Amino acid sequence: MTILSFFTRASRAFNGYPASAKLLLLCTLSLSGGGVVAYSEAQVDASKTSVQVNEKDCKKKRVVVLGTGWAGISFLKDLDVSAYDVQVVSPRNYFAFTPLLPSVTCGTVEARSIVEPVRNIIKKRNGEIQFWEAECMKIDAANKKLLCRYTVENNLVGNDEFSLEYDYLVLAVGAQVNTFNTPGVLENCHFLKEVEDAQKIRRTVIDCFEKAVLPGLSEEERRINLHFVIVGGGPTGVEFAAELHDFVQEDLVNLYPSVKDMVKITVIQSGDHILNMFDERISSFAEQKFRRDGIEVQTGSRVISVSDKEITMKLKAKGEICSVPHGLVVWSTGVETRPFVKDFMGQIGQANRRVLATDEWLRVKGCEDVYALGDCATINQRKVMEDIAAIFKAADKDNSGFLTVEEFKDVIDDILERYPQVEHYLKSKHLRDVTDLMKDSEGNDIDEVDIEGFKLALCQADSQVKNLPATAQVAAQQGAYLSKCFNRKSKWKDNPEGPRRFRGSGRHQFHPFQYKHLGQFAPLGGEQAAAELPGDWVSVGRSTQWLWYSVYASKQVSWRTRVLVVSDWTRRFIFGRDSSRI
């Protein structure tokens, strides 16, 4: 055998093993005195990455995932891809750690430090996931087809449009900015939803300062150029205002000393307080800190139009309309459904809804084999009073027309799992157990209850039904939950694990999705942050900021981004933020 033929055969065998095994073989050869001292991994055979599906894949159910955000990536990371033909479609070929977007706007971290290429993520799944960088234009629910289009503008040849068939469709496309049809918002405001938005804001902030220091401008013109307005007092708007304040005070005032006293930051909030989804203690602390830092907070103000020179708003308390000149406006007021999702909703009988509705198992209502996660959908929790008669009948085993405490206990676990609002109601009333609801009109314990008494006991529970917030935490948990359901589909088809079906027989195939709130942070600048933690714990101050650092570093999707983000924080501590306009 010649040396050339030996290496040819060895290369073919070598490519069949993972990188760790190749490294072990190299070390063994080197230690044994072999002549192999370097190895360059050969390119994968083009046939392995062919769009054509082989015969084995044809037997698999095809799962098409739309979106590579928190929900989509969380679903893909835990999915058993050997059981499905998995294809992913997204207009962006990376995953972005969106909670750090406000930090990107001011250079606290760099844009590339918070993104991980999708192909890096799916490569770890042995190449069994196919990815197409394209945007879904239309869902054909009746024929289970998707119309997609490559949307990057270039001169490359070939057709930009293609269609995909699916057996299961996972919608994880997020949502778009909600302008509430306010005139001038799309034309004159910046948004903070994507990495490109953060980069654009960063360049515009520097432009405002560079323009303000040019000779020949009046003091009034300089002040207008340096007036930064944030519309929306939610977590994103507040964090951006805090980041911008730190950027100005720690870095830009040293570079532009002539205008350091002309900078103004204003937060406009339609509600009575900023961070109104947090505990009121955090909201109060944030407002006090902003007041100390010189950040103006205008609550009770609704923006009615935005031009390239000024923003017009209505003050709710006085009913007055006033206009304020600006240099930059960042619009951060909420989200709405994407157009192609609205079209899909019209096909399945949800045209009158604002958001796509799913059941508690994340299945889209009115469409078989379609699931929706994250910001693009909301769970339509079933009301306990809709099934109250069926629940009573299932629990009343002896058909006596009365429910004893023991009979009630037999269905308690199924009630709490199927209708989580009942547990929330118990907590709101400081009750330890559902059986504490079995009391007469005077509050005395009773041994049994009839249907009317049962209705009376649970009639207030549905008031605790709440929509989940549009956060990364919710989306990530939904993605992980749905992947577990897909992994267990064949196993639990004949052995369901879910709660009892009160309408019908048997049990539900899976446990319904239950969101577990792990807390939320609100960085407020000046190395201070506020946190709302499980168990009604509230933490504020510098120690909370360091907790924020550790949590956000640990939540990065890869070690690469984890190292990059930590190094960016370290670089900022030592050298400050970069003010280059690139």
Side-chain angles (χ1 to χ4, degrees), residues 96-111 113-114 177-179 185 188-209 226-252 263-271 273-278 282-283 285-287 289-291 293-299 301 303 306 311 324 326-335 470-472 520-530 545 548 552 565 568-569 572 577-579:
F97 191 86
T98 50
L100 285 178
L101 283 180
S103 297
V104 175
T105 62
C106 299
T108 304
V109 298
E110 294 298 326
S113 299
I114 68 167
V177 175
N178 192 349
T179 66
V185 171
N188 303 301
C189 292
H190 290 69
F191 306 111
L192 195 46
K193 282 285 293 177
E194 307 287 347
V195 173
E196 294 82 1
D197 296 334
Q199 293 174 312
K200 186 178 179 181
I201 290 174
R202 183 176 179 180
R203 289 191 294 267
T204 306
V205 169
I206 299 303
D207 290 343
C208 290
F209 275 87
L226 296 177
H227 185 201
F228 303 98
V229 180
I230 299 97
V231 181
T236 301
V238 167
E239 187 173 348
F240 170 67
E243 283 280 359
L244 181 60
H245 176 266
D246 285 355
F247 188 27
V248 171
Q249 297 302 318
E250 296 173 7
D251 300 282
L252 296 182
V263 181
K264 183 180 180 181
I265 301 173
T266 301
V267 177
I268 299 175
Q269 167 72 342
S270 61
H273 299 280
I274 61 174
L275 297 179
N276 52 18
M277 69 292 299
F278 281 75
I282 292 179
S283 178
F285 178 81
E287 290 174 354
K289 186 179 186 306
F290 275 16
R291 196 177 301 116
D293 292 342
I295 300 175
E296 182 179 350
V297 178
Q298 291 190 8
T299 57
S301 302
V303 175
V306 183
I311 182 169
V324 179
H326 65 79
L328 166 70
V329 178
V330 174
W331 187 272
S332 177
T333 60
V335 294
T471 62
Q520 52 187 345
F521 288 93
L524 301 174
E527 292 303 312
Q528 295 192 51
Q545 179 68 34
W548 179 85
Y552 275 33
V565 166
D568 283 347
W569 286 335
R572 196 269 297 177
R577 301 170 182 83
D578 184 12
S579 63

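Small disclaimer: the values here were computed from a predicted structure and weren't measured.
- Val248 places none of its side-chain heavy atoms less than 4.5 Å from the side chain of Asp251.
- Under the 4.0 Å criterion applied to side-chain N and carboxylate O atoms, Lys200 and Glu194 are not assigned as salt-bridge partners.
- Summarising the geometry, atom CD1 belonging to Ile274 is positioned 11.5 Å from atom CD1 belonging to Ile282; distances are rounded to the nearest 0.5 Å.
- Rounding to the nearest 0.5 angstrom, the gap separating the SG atom in Cys189 from the NE2 atom in His326 is 7.0 Å.
- Ring pair Phe209/Phe228 is parallel by interplanar angle, where below 30° counts as parallel and above 60° as perpendicular.
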| query | Between Ser332 and Leu192, is a side chain to side chain contact (heavy atoms under 4.5 Å, CB included) present by the stated rule, with each step listed? | reply | CA-CA 7 Å; Ser332 177; Leu192 195 46; 5.6 Å; no
| message | Assess the residue pair Glu527 and Arg572 against the criterion (salt bridge (charged side-chain N to carboxylate O under 4.0 Å, His left out)); give the C-alpha distance rounded to whole Å, side-chain angles, the decisive distance to 0.1 Å, and a yes or no. | response | CA-CA 12 Å; Glu527 292 303 312; Arg572 196 269 297 177; 2.8 Å; yes
| query | Yes or no on side chain to side chain contact (heavy atoms under 4.5 Å, CB included) for Val229 and Leu328, after CA distance, side-chain angles and deciding distance? | reply | CA-CA 6 Å; Val229 180; Leu328 166 70; over 6 Å; no
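- Scanning both residues, Ala96 and Val195, for their nearest heavy atoms gives CB-CG2, 3.7 Å.
- Closest approach of Gln199 and Ala111 over heavy atoms only: NE2-CB, 3.4 Å.
- Taken to the nearest 0.5 Å, the NZ atom of Lys193 stands 7.5 Å off from the OG1 atom of Thr98.
- Partner His190 forms a side-chain hydrogen bond (donor to acceptor under 3.5 Å, both in side chains) with one of Thr105, Thr204, Asp197 and no other, that one being Thr204.
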| request: List the steps and the verdict of salt bridge (charged side-chain N to carboxylate O under 4.0 Å, His left out) for Arg577 and Glu110. | output: CA-CA 10 Å; Arg577 301 170 182 83; Glu110 294 298 326; over 6 Å; no
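- Thr299 and His273 share no side-chain donor-acceptor pair at under 3.5 Å.
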| Check against side chain to side chain contact (heavy atoms under 4.5 Å, CB included), Ser579 and Leu252 | CA-CA 8 Å; Ser579 63; Leu252 296 182; 4.1 Å; yes
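- Note that CD of Glu239 and CZ of Phe521 are 11.0 Å apart. Values are rounded to the nearest 0.5 Å.
- Annotation: side chain of Glu287 is not in contact with side chain of Leu275 (no heavy-atom distance under 4.5 Å).
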| Would Ile265 and Glu296 count as a side chain to side chain contact (heavy atoms under 4.5 Å, CB included) if you check the C-alpha gap in whole Å, the side-chain angles of each, and the deciding distance to 0.1 Å? | CA-CA 6 Å; Ile265 301 173; Glu296 182 179 350; over 6 Å; no
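- You'll find the side chain of Ile268 stays beyond 4.5 Å of the side chain of Ile230, heavy atoms only.
- Remark: the backbone N or O of Ala529 is not paired with any side-chain donor or acceptor of Lys289 at under 3.5 angstrom.
- Looking at heavy atoms from C-beta onward, Leu524 lies in side-chain contact with Phe285 at the 4.5 angstrom threshold.
- Looking at heavy atoms from C-beta onward, Phe240 lies in side-chain contact with Leu244 at the 4.5 angstrom threshold.
- The side-chain heavy atoms of Val329 and Asn188, taken from C-beta on, include no pair separated by under 4.5 Å.
- Annotation: side chain of Gln269 is not in contact with side chain of Gln298 (no heavy-atom distance under 4.5 Å).
- Atom CD1 in Ile114 sits 8.5 Å away from atom CZ in Phe97 (nearest 0.5 Å).
- Val335 has its side chain out of reach of Val177: every pair of non-hydrogen atoms, C-beta onward, lies at least 4.5 Å apart.
- Side-chain contact of Thr108 with Glu243: a donor-acceptor pair under 3.5 Å is present, judged by distance alone.
- Atom NE2 of His227 and atom SG of Cys208 lie 11.5 Å apart (nearest 0.5 Å).
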